[in-house]
Amino acid sequence: MYQALYRKWRPRTFSEMAGQEAVIRTLRHQVASGRIAHAYLFCGSRGTGKTSAAKIMARAINCENPQDGDPCLACPACKALMEDASLDVFEMDAASNSRVEEIRDLLEKVDYPPQFSKYKVYIIDEVHMLSNAAFNALLKTLEEPPSYMVFILATTEPQKIPATILSRCQRFDFGRLTEEQMTARILTALPELKDAEPAALSLIARAADGSMRDAWSLLDMCIGSGERLTEHLVRQALGASDSEFLFDFASAIAASDGTRVLNMIDDMMRAGRDVQVFLRDFAAHVRQVAAFKLGARPAAEMTGEGAQRYRAQSEEISMPRLLRMLELAMQAEADTRYASSPRGVLELFALRACRVAEGEDVQALTDRLEDMEHQLQLLQRNGVRLAAPADAPANAAPQAEKKPAARPAPAPMPGAEATLPEGKKPSDVWNAALKRLAREAVACFAIINQGKFGGYAEGTYKLIFPRNAAISVDFVNAEERKSQIERILTEEGGAPAKFEARMEEAVARSAAGTERDEQLLIDTLGRDKVQIDND
């Protein structure tokens with residue numbers, strides 16, 4: 001009779017377990033030293049080895065010839081436990097035996113010592129499913145059990161277990177297994193799969209999401225056809241999309257090509273792909289692209305060609321757009337679990353992702369500007385030349401030889417230009433800096449263009465915005481952009497420069513305050529005793 005892979009290759013010793021090195025090391029040391037606790041609690045997500053570790057622990061503490069903390073599997077005690085023929089080890093599923101009556105029946109046998117082993121072991125799986133009355137019945141025995149009694153509790157939701165139970169157990173947390181650990185375990189158990197494509201095994205491990213049992217089940221399904229294990233075969237079995245489709249889909253969204261995106265979704269649905277699986281795969285793809293954009297190292301199983309493709313796409317898509325795609329994909333994946341039309345959720349996600357970030361807050365504005373700047377840089381990289389402004393922008397300071405602007409910049413304060421090298425004028429430096437910003441920081445230049453040059457005083461170049469432009473002021477005054485502007489002004493002027501942006505309202509308020517102060521002096525001292533210098 002055929003036996004499923006997850007049952008056939010369930011680990012029999014601690015050495016055969018995949019991952020969980022810290023937990024295994026502690027348990028083996030306790031077995032070897034004889035320091036056995038009376039109650040253990042194994043916590044972790046599904047398929048991480050909790051029940052397997054509990055069974056191995058039951059064999060190890062009853063083994064007649066333990067080997068470095070591992071059961072020998074050859075003594076009568078080990079053989080009886082492996083065949084589930086021992087009367088001294090009880091395994092109960094609390095999900096189907098949660099009532100207090102069933103726990104009481106189990107505890108009635110505690111007073112009887114083990115018949116053929118050193119320890120009597122109770123393994124209670126999914127212990128969080130017990131009722132409050134059942135926990136209360138278990139509490140007293142768990143607190144003061146006989147010397148030969150060992151409880152091993154396993155759960156996926158430790159937060160549901162009463163604190164009185166938790167405080168009486170040694171707790172061990174089982175983490176999710178990595179792709180490398182699951183792949184290594186599969187190849188150790190099935191050496192005939194060494195000729196399989198590495199990408200195929202990696203895809204199975206990634207789809208298992210840290211669960212070794214899920215990895216065995218997926219592998220069981222994939223090798224059932226008898227063909228060589230390839231990435232294409234695994235994707236067909238899992239209903240997942242191939243990597244080429246994911247690259248094309250991401251490129252279509254980045255180009256805001258809604259028609260192409262909807263056509264690709266239609267092709268995918270006709271091919272019988274699962275929407276939730278696709279969204280999970282696409283989110284993983286976008287995370288990988290973002291990792292390359294940030295300079296993170298590629299996954300161990302990734303080929304050189306694959307890494308090059310990810311790196312190329314990371315240069316095509318701006319980081320704000322990647323983050324928006326990832327956020328929307330993860331939200332859509334959660335929505336498909338409860339939606340009556342998963343395809344509608346997928347199409348809504350795709351059309352939203354095609355649009356740039358909306359909103360009038362600073363973050364939305366920043367994302368749109370960064371995305372626009374990224375697109376302009378791509379055009380320049382591809383040989384498209386962007387014409388620099390032939391004349392000074394509308395907000396530039398008036399040149400000496402040109403006709404003054406409609407709103408001329410205020411005259412610099414006396415002695416303000418003393419810090420500039422001889423022959424350098426603040427207006428010339430400002431205009432030169434604007435031309436550089438138009439080439440080097442398009443987004444910043446677009447915002448600065450909304451204001452007007454406010455003069456130069458004591459080494460500081462000032463930019464004045466309209467009264468309703470608080471967002472623009474915050475944008476250019478951000479530390480990163482302000483530093484860039486000051487660096488360019490310093491390089492163009494040949495002297496250390498500062499930059500300050502503020503709203504016109506502040507200037508008006510300052511002028512009004514000065515007038516009030518002058519009038520107060522006149523009213524107090526008399527007009528003949530007050531001399532006002534307007535220089």
Side-chain angles (χ1 to χ4, degrees), residues 4-6 9 18-19 45-48 175-251 264 267-269 271-292 296-314 325-326 329-330 332-333 336 346:
L5 290 179
Y6 80 89
W9 297 108
S45 57
R46 70 183 192 281
T48 52
R176 291 178 181 269
L177 276 67
T178 65
E179 294 178 22
E180 294 77 9
Q181 289 171 338
M182 287 188 281
T183 301
R185 173 59 179 157
I186 290 173
L187 292 177
T188 301
L190 301 173
E192 62 271 19
L193 291 180
K194 289 184 178 179
D195 64 337
E197 290 185 2
L201 294 176
S202 175
L203 183 58
I204 291 175
R206 188 160 58 249
D209 195 22
S211 169
M212 192 68 231
R213 183 171 62 242
D214 288 359
W216 285 123
S217 298
L218 293 173
L219 180 63
D220 216 350
M221 179 174 59
C222 293
I223 64 176
S225 63
E227 302 177 18
R228 177 175 177 264
L229 195 63
T230 63
E231 182 181 8
H232 178 70
L233 178 64
V234 173
R235 288 191 178 277
Q236 281 190 323
L238 300 180
S241 301
D242 58 31
S243 57
E244 191 67 27
F245 186 90
L246 296 173
F247 277 110
D248 292 343
F249 195 80
S251 297
M264 294 181 71
D267 293 340
M268 185 184 72
M269 298 305 295
R273 298 292 183 255
D274 182 84
V275 171
Q276 192 171 3
V277 172
F278 169 75
L279 286 169
R280 184 169 61 246
D281 291 344
F282 184 71
H285 173 82
V286 175
R287 282 197 297 269
Q288 192 66 261
V289 175
F292 270 87
R297 62 176 181 269
E301 73 279 358
M302 188 174 295
T303 62
E305 182 180 352
Q308 185 177 0
R309 184 74 188 275
Y310 275 107
R311 189 173 293 107
Q313 187 161 76
S314 69
M325 289 163 60
L326 181 58
M330 295 178 69
E333 181 189 351
T336 55
L346 175 59

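All residue numbers in this chain count up from 1 along the given sequence.
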Original post:
What class does the angle between the rings of Tyr310 and His285 fall in, given that below 30° is parallel, 30 to 60° is tilted and above 60° is perpendicular?
Top reply: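 If you compare the ring of Tyr310 with that of His285, the planes turn out tilted.
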For a quick test of reading the model, state the closest non-hydrogen atom pair linking [X] to [Y] and the distance between them.
{"X": "Ala200", "Y": "Val234", "result": "CB-CG2, 3.8 Å"}
{"X": "Phe282", "Y": "Met325", "result": "CZ-CE, 3.6 Å"}
{"X": "Thr48", "Y": "Ser45", "result": "OG1-O, 2.8 Å"}
{"X": "Asp274", "Y": "Gln276", "result": "OD2-N, 3.1 Å"}
{"X": "Ala283", "Y": "Ala329", "result": "CB-CB, 4.3 Å"}
{"X": "Ile204", "Y": "Cys222", "result": "CD1-SG, 4.2 Å"}

How far does [atom1] of [X] sit from [atom2] of [Y], to the nearest 0.5 angstrom?
{"X": "Leu201", "Y": "Glu231", "atom1": "CG", "atom2": "CD", "answer": "11.0 Å"}
{"X": "Leu218", "Y": "Leu203", "atom1": "CG", "atom2": "CG", "answer": "9.0 Å"}
{"X": "Met269", "Y": "Leu346", "atom1": "CE", "atom2": "CG", "answer": "7.5 Å"}
{"X": "Met264", "Y": "Phe245", "atom1": "CE", "atom2": "CZ", "answer": "4.0 Å"}
{"X": "Phe278", "Y": "Glu333", "atom1": "CZ", "atom2": "CD", "answer": "11.5 Å"}

Subject >> Other residues, nucleotides, ligands: >12 heavy atoms within 6.0 Å of Met330 CE >> reply: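 Incorrect, the count does not exceed 12.
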Original post:
Does OH in Tyr6 sit with more than 12 non-hydrogen atoms of other residues, nucleotides or ligands closer than 6.0 Å?
Top reply: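 No, not enclosed.
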**OP:** Check salt bridge (Lys or Arg N to Asp or Glu O under 4.0 Å) between Arg287 and all other residues, then give those that pass, not counting sequence neighbours.
**Re:**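 By the salt bridge (Lys or Arg N to Asp or Glu O under 4.0 Å) rule, Arg287 matches no residue at all.
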Original post:
Any salt bridge (Lys or Arg N to Asp or Glu O under 4.0 Å) pairs touching residues 190-205, not counting sequence neighbours?
Top reply: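 Residue pairs passing salt bridge (Lys or Arg N to Asp or Glu O under 4.0 Å), neighbours aside: Glu197-Arg228.
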Check: residues 182-189 side-chain donor-acceptor pairs under 3.5 Å, at least two apart:
from   : atom 1 : to     : atom 2 : distance (Å)
Thr183 : OG1    : Glu179 : O      : 2.8
Arg185 : NH2    : Trp9   : O      : 3.0
Thr188 : OG1    : Ala184 : O      : 2.8

**OP:** Report yes or no: does Asp220 contribute a side-chain atom to a donor-acceptor pair with the main-chain N or O of Leu5 at less than 3.5 Å?
**Re:**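 Yes; judged by distance alone, with no hydrogens or angles, the pair exists.
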**OP:** Please check if the side chain of Ser314 supplies one atom and the backbone of Arg311 the other of a donor-acceptor pair under 3.5 Å.
**Re:**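 Checking the backbone N and O of Arg311 against the side chain of Ser314, a donor-acceptor pair under 3.5 Å is found.
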**OP:** Walk me through it: do Glu244 and Arg309 pass the test side-chain contact (heavy atoms from CB on, under 4.5 Å)?
**Re:** CA-CA 10 Å; Glu244 191 67 27; Arg309 184 74 188 275; 3.1 Å; yes
